[in-house]
Amino acid sequence: NGNVDKTTAFRPLISASSTPNIYTNERTATVSSYGNPTLRWEKTGTLNVGVDYSLFERKLHGKIDVYNKVSKDLIASMSIPAINGTTSQRLNMGEMLNRGLEVEVGTVQTLAKEVTWSGNLNFSYNYNKITKLFKSSYQGYELVGMSGATAAYREGYNANTLWSYAYAGIYNDGTEQSPNWQPKIKGAGADVYGYGGWPPGDGRDFVVESGVQVAPWLLGFSNNFKVRDFNFSFILTGKFGHSFRRQGFNYPPMWGGRVMPNSKLGEVMNGDPAKISPLPLNGAEESRYYFWDRFHAYLDYLAESASHVRMREVMLSYDAPRSFLNKAGVSRCQLYAQVTNLFSIYANPFNEDPEFPEGGVKPSPGYTLGLKLQF
């Protein structure tokens, strides 16, 4: 299989500004890609082995699939000598491995006279790894701010790795007589750095791995129970083994009053400054406070398990007997009640939905009562 990445091309590409320059009133543009005369398609080779089975007159049926996908010539930002006019370029230099298993098990069982049960269970597992990629160094903000994007790919790690700054607690930058307590993040070795500027050095030396953002384990479970003319069914889904970054306190600016504190204020007010970033300890005199939003939303203590289970659908229906319908000239009459998004169970202790961040609109239960008639 082949794929074309449209972010680069054989020749240089420019990106035009959306508005005129405020000084010259002319349209401007920047070089978005320096051109790559050796550009090739990204290629993926796939080997898939599967078995479909049906046993005991379909009382047990399903399938098993095992796959191995090797992607080569992936286009990613690579380090190149500065003599070329830039220190990085998007080139066909990456390789990725995806390996996994998909299993489906279904059954149809007669539990009693006029009582049947049909069920289907499917689950899958995917292992992902960047097997080849050369980049001489990373800025910390590249890894943290671009987690899951090609700019944050690291050889030997999952392509969807979630990267974080490691919170180090508070340190006194002043003296014992005139203390100046400031929150810090961990740097390389025993070094710590404040929120006032980007930590120096290679980001790989201090940015920490906080799990992966795409669930490696997926689960689906559907059931249908038929009792005479009644049918009861439900669908349950689950995702496991991944992480997300929960909402933290927004640390609004202390000037202007245009931004209100969010619901996490109590967590910071009552938290241990050695474990959670506190409010500015020097009030409005904090000269570098405007840098804080580059760090506080990406701290490691905000990474939580994204595993969850959802009850997608529950449905109860009743089909009127055909003997009655034939007299009325109706071929089918069904009365049904359906509930969607009934509930979700989250593994994180903050009860936050990993797929619908705080402040957004979460899926709420939907109720439907209907009647189907066929003549």
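What you see below is based on every heavy atom in this structure, not just the backbone, and it leaves out hydrogens, waters and symmetry mates.
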Should side-chain heavy atoms under 4.5 Å link Ile, Leu, Val, Met, Phe, Trp and Tyr, which residues sit in the same cluster as [X]?
| X | result |
| --- | --- |
| Ile235 | none |
| Val361 | none |
| Val31 | Tyr34 |
| Met315 | Tyr336 |

Problem - With sequence neighbours excluded, residues passing side chain to side chain contact (heavy atoms under 4.5 Å, CB included) with Val227 - result: Val115

Problem - Residues in side chain to side chain contact (heavy atoms under 4.5 Å, CB included) contact with Glu304, at least two apart in sequence or another chain - result: Phe244, Arg246, Asn348, Pro349, Phe350

Distance-only donor-acceptor hits, side chain of residues 153-160, under 3.5 Å, sequence neighbours excluded:
from, atom 1, to, atom 2, distance (Å)
Glu155, OE1, Leu133, N, 3.0
Asn158, OD1, Asn160, N, 2.7

Problem - Close side-chain approach of Phe249 and Pro252, heavy atoms under 4.5 Å - result: yes

Listed partners of [X] passing side-chain hydrogen bond (donor to acceptor under 3.5 Å, both in side chains), at least two apart:
| X | answer |
| --- | --- |
| Ser15 | none |
| Ser124 | none |
| Asp293 | none |
| Lys186 | none |

Return all side-chain donor-acceptor pairs below 3.5 angstrom for residues 19-26, not counting sequence neighbours, or 'none' if the list is empty.
from, atom 1, to, atom 2, distance (Å)
Asn21, OD1, Tyr23, N, 2.7
Asn21, OD1, Thr24, N, 3.1
Thr24, OG1, Glu26, N, 3.3

